[in-house]
Structure formats: C-alpha cells, structure tokens
Amino acid sequence: SRHKFWETQPVGQFKDIGDSSLPEGPIEPPTPVSEVKQEPYNLPNLYEWVTCDMESEEMSLEVYNLLTNNYVEDDENMFRFNYSKEFLSWALRPPGYFKSWHIGVCVKSSKKLVAFITGIPARIRVHDQVVTMAEINFLCVHKKLRSKRLAPVMIKEVTRRVHLENIWQAAYTAGVVLPTPISTCQYWHRSLNPKKLIDVGFSRLGARMTMSRTIKLYKLPESPLTQGFRKMEPHDIPAVTRLLKKYLSQFVVAPDFDENDVEHWLLPKEDVVDSFLVESPETHEITDFCSFYTLPSSILGNQNYSTLKAAYSYYNVSTKTPLLQLMNDALIMAKQKDFDVFNALDVMKNESFLKELKFGPGDGKLHYYLYNYRLRQALHPSELGLVLL
Ligand SMILES: COc1cccc(CC(=N)NC(=O)c2cccnc2OC2CCNCC2)c1
C-alpha cells in the first residue's frame with residue numbers, strides 16, 4: 001500500500017485519526033539502551049554506512065556536493081535547495097550534537113557518497129512536556145538510486161542510533177503527506193528583486209502589471225524604520241533568551257531554548273543566519289527580535305542566473321514594536337543584503353503580516369511530523385512555534 005513503511009512505525013496512523021481514546025504522548029515506551037539493536041541495519045550489497053565527520057573539509061564538501069545535485073526541488077523542478085557548506089556545518093553541530101547521527105551511504109568500491117540523513121538533538125516542548133527529541137533532516141538519496149527503497153533503511157538506521165543515545169522521539173518536516181501530520185503549513189514568498197524572480201520563472205508578472213509598476217510595488221526603504229533596531233550581538237544573549245522563552249511559551253509545540261542554544265542558533269553568522277533586535281533608546285530594554293536564515297536555491301536551466309538568494313523567516317518576537325513593522329524592517333534588511341526573496345511559513349503569528357507585507361502564497365505545503373509522540377488533534381499552524389532548517 002501507499003505507506004508500507006510508515007504503517008510499521010510508531011507514528012500517528014490515519015486509521016487512528018479522531019480516536020480520542022488514544023492518550024496524548026509517547027506511542028511506544030522506551031526500551032533499555034542495552035536492548036537496542038547494537039549493529040547497523042543491512043544495506044543492499046554494493047553499499048556501506050559511513051559516519052560523516054562534518055568537521056572534515058573533504059567530507060563536508062562531499063555532503064555539500066551530494067545535496068547540491070540531489071536534494072529537494074520545487075514541484076516544477078525549476079529550483080533545488082543549495083545549502084552552503086558553512087550552513088550545513090552550523091545546522092548539524094549545535095550544542096550536544098552526535099557525530100554518529102550524521103549518516104552517509106557510500107558505494108563500497110568507489111567510496112562515493114550516494115545518500116545522507118541526519119539527526120540533531122533538541123529539547124522540544126509539547127504542551128507542558130519538554131521532550132528531548134532528534135530533529136531529522138537532510139534525507140537525500142542520489143537521483144540515480146531512487147526507488148531502491150533506501151530511504152526506509154536509512155530512517156531505521158538513524159532511529160537506531162538515536163535510540164542508542166536513549167532518545168525516543170523525533171521531529172521532522174516533509175513536502176509530502178505521510179502518516180500523520182501534526183500540522184500542515186502554507187509557505188509564502190515576498191519578492192525583493194521582482195525583475196530577477198520573473199526572469200527565472202519564480203514569479204509571474206501580474207495581470208495588467210508592467211515590470212516598472214511591479215518593481216515599484218515591491219520597493220522598500222533603504223534602512224529600517226524602527227528606532228533602536230540593530231544587529232544582535234553576543235552580550236544580548238541573556239536578554240534574547242528571556243524574550244524568546246516567554247514568547248514561545250504561547251505555542252503548543254516550540255523549542256525549549258537556553259542561552260547555549262540561543263548563542264548557536266541565533267547569533268548572526270555571515271551567509272548563514274541574520275538576527276536583529278529592538279533596544280528601547282530610553283530604557284535599553286530589548287523589546288523585540290527578528291531573524292532569518294540564508295538558504296539559496298540553484299536555478300535549474302536559466303541563461304542569466306544560476307542562484308536564487310533566499311531568506312527564510314526564522315524566530316521573531318514582538319512585544320512593543322508591531323509585528324508588521326518589525327517584519328517590514330526584516331524585509332528591509334534582507335533587501336539591503338541583496339536577497340532576491342524572503343520566504344515564510346504561516347506558523348506562529350506570521351499570518352498577521354503576510355498579506356499586508358505583500359507576501360504571495362507558494363505553490364506547496366510543508367507538513368510537520370512527530371515520531372513516537374501522539375497529539376490528540378492536529379495543530380493549526382498558528383499553534384506551531386518550531387521552525388526547522
Ligand atoms: C525556491 O527553491 C525551492 C527549492 C526547493 C523546494 C522549494 C519549495 C519548498 N519545498 N519550500 C519549502 O519547503 C519551504 C518554504 C518556505 C519556508 N521553508 C521551507 O522549507 C524549509 C524548512 C524545511 N526544510 C527546507 C527549508 C523551493
């Protein structure tokens with residue numbers, strides 16, 4: 001059947017939807033780590049497991065090249081995510097990471113990397129329960145090895161290695177519907193460089209719109225409008241951590257960030273993540289925060305351009321500055337940094353600014369999943385406070 005593999009896994013099953021007799025929480029209990037399968041799962045004969053040391057220049061370049069040529073494309077196969085090497089190193093080495101969760105599959109004879117899957121540890125709160133989970137990401141099988149059923153054995157192997165660290169839940173997203181989404185989000189795009197977006201086919205010229213009218217429509221001020229708006233700096237970590245913890249507490253599912261997490265995930269890192277805050281000129285209190293991460297896409301088959309420079313909305317907190325004004329400043333900073341487009345999901349309070357800031361709906365959805373954790377009912381995107389890379 002359609003979900004041959006997922007029907008064998010401890011995930012919400014479609015047949016259980018609406019069965020409110022099933023309790024919220026773990027689906028299967030933990031087992032003693034000594035009872036976890038000690039040896040790796042079997043791969044088809046020609047292939048072997050390799051643990052990818054992302055600190056190795058050579059290995060991180062191999063991972064970068066595999067993803068650059070074989071990772072997720074948009075529905076029309078016009079663009080492919082092109083995560084940079086620096087971004088991958090950042091995304092995969094947060095505080096407390098496990099090298100063993102950076103899993104590659106290579107060809108025994110040539111040692112060529114042909115598949116990849118990763119996990120990183122994260123403390124995620126679900127309602128009032130903080131659960132240590134694995135965030136699973138970057139599942140990629142070389143285009144030439146698709147439909148060999150490699151993905152199920154890779155998912156089982158990363159699950160086994162997560163269990164060996166006595167962690168029993170996971171979180172992941174996908175553009176496809178699997179058993180069973182905890183939430184389904186719509187993605188939105190805000191043009192920053194409309195001429196390039198139209199030229200590469202990302203956007204289309206609106207009806208009864210000229211190019212010059214379109215450029216004018218998306219024009220932004222040269223610099224941010226909010227008094228006290230500035231780049232985040234290391235000394236801001238304690239205040240940003242307090243602000244973010246308080247703000248995220250309103251969502252049903254959200255990361256439980258401490259100062260070490262904020263230092264890693266939210267301190268600005270050139271060409272990886274940008275973050276800004278509003279410091280009140282009078283009281284020097286930090287009242288608001290916004291951030292976006294850098295994820296370019298390769299443009300497949302365009303004469304004039306090879307890369308789409310895209311910013312992705314990350315974590316934003318508004319307590320004094322209206323979110324609309326704060327996000328307009330984020331757009332202004334992204335334009336200043338020469339991004340072509342600013343993407344956002346309709347999670348958290350994002351829906352309140354999308355249309356007014358001239359975002360247009362994307363042509364797909366992003367589904368969120370939990371592994372081995374049942375929610376009594378699916379969440380509205382506004383109840384979701386988790387953004388995965
Ligand atoms: C424009 O280039 C693309 C290249 C590949 C895929 C897509 C469409 C798409 N699937 N977009 C998203 O998943 C997306 C849209 C808005 C915000 N975050 C997103 O995904 C993030 C989070 C999940 N992991 C990928 C990056 C677009």
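Read the numbers this way: they start at 1 and go in the same order the structure lists the ligands and their atoms.
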Atom indices of ligand 1, in the order listed, that fall short of 4.0 Å to a heavy atom of Glu73: 5 (C), 6 (C)
Enumerated ligand 1 atoms positioned under 4.0 Å from heavy atoms of Leu388: 22 (C)
Tyr315 and Phe289 aromatic centres sub-6.0 Å: no
Ring centres under 6.0 angstrom apart (His102, Tyr97): yes
Shortest heavy-atom approach to atom 11 (N) of ligand 1 - which of Phe138, Tyr71, Tyr187, Phe79: Tyr187
For atom 17 (C) of ligand 1, closest protein heavy-atom neighbour: Tyr312 CD2, 3.3 Å
Atom indices of ligand 1 within 4.0 angstrom of Leu295 heavy atoms, with elements: 26 (C)
Atom indices of ligand 1, in the order listed, that fall short of 4.0 Å to a heavy atom of Tyr83: 24 (N), 25 (C), 26 (C)
Atoms in ligand 1 with a heavy atom of Asp74 nearer than 4.0 Å: 5 (C), 6 (C), 7 (C), 27 (C)
Residues Asp256 and Lys245 bridged, charged N to O under 4.0 Å: yes
Nitrogen or oxygen atoms of Leu345 and ligand 1 under 3.5 Å apart: no
Tyr71-Phe116 aromatic ring centre distance below 6.0 Å: no
Contact atoms of ligand 1, heavy-atom distance to Leu366 under 4.0 Å: 13 (O), 22 (C), 23 (C)
Whether Trp90 and Phe87 hold their rings parallel, tilted or perpendicular, with breakpoints at 30° and 60°: perpendicular
Option whose closest heavy atom lies nearest to atom 21 (C) of ligand 1, chosen from Tyr368, Tyr293, Phe202, Phe342: Tyr293
Flag for Thr68-Asn82: side-chain donor and acceptor within less than 3.5 Å: yes
Which of the ligand 1 atoms, numbered from 1, are nearer than 4.0 Å to a heavy atom of Ser297: 1 (C), 2 (O), 3 (C), 4 (C)
Closest protein heavy atom (residue, atom, distance) for atom 24 (N) of ligand 1: Leu389 O, 3.1 Å
Lys108 side-chain N/O to Asn45 backbone N/O, donor-acceptor pair under 3.5 Å: yes
Ring centroid separation Phe276 to Phe229 under 6.0 Å: yes
Residues Lys99 and Asp53 bridged, charged N to O under 4.0 Å: yes
Residue Thr173 vicinity, atoms of ligand 1 by number, heavy atom under 4.0 Å: 23 (C)
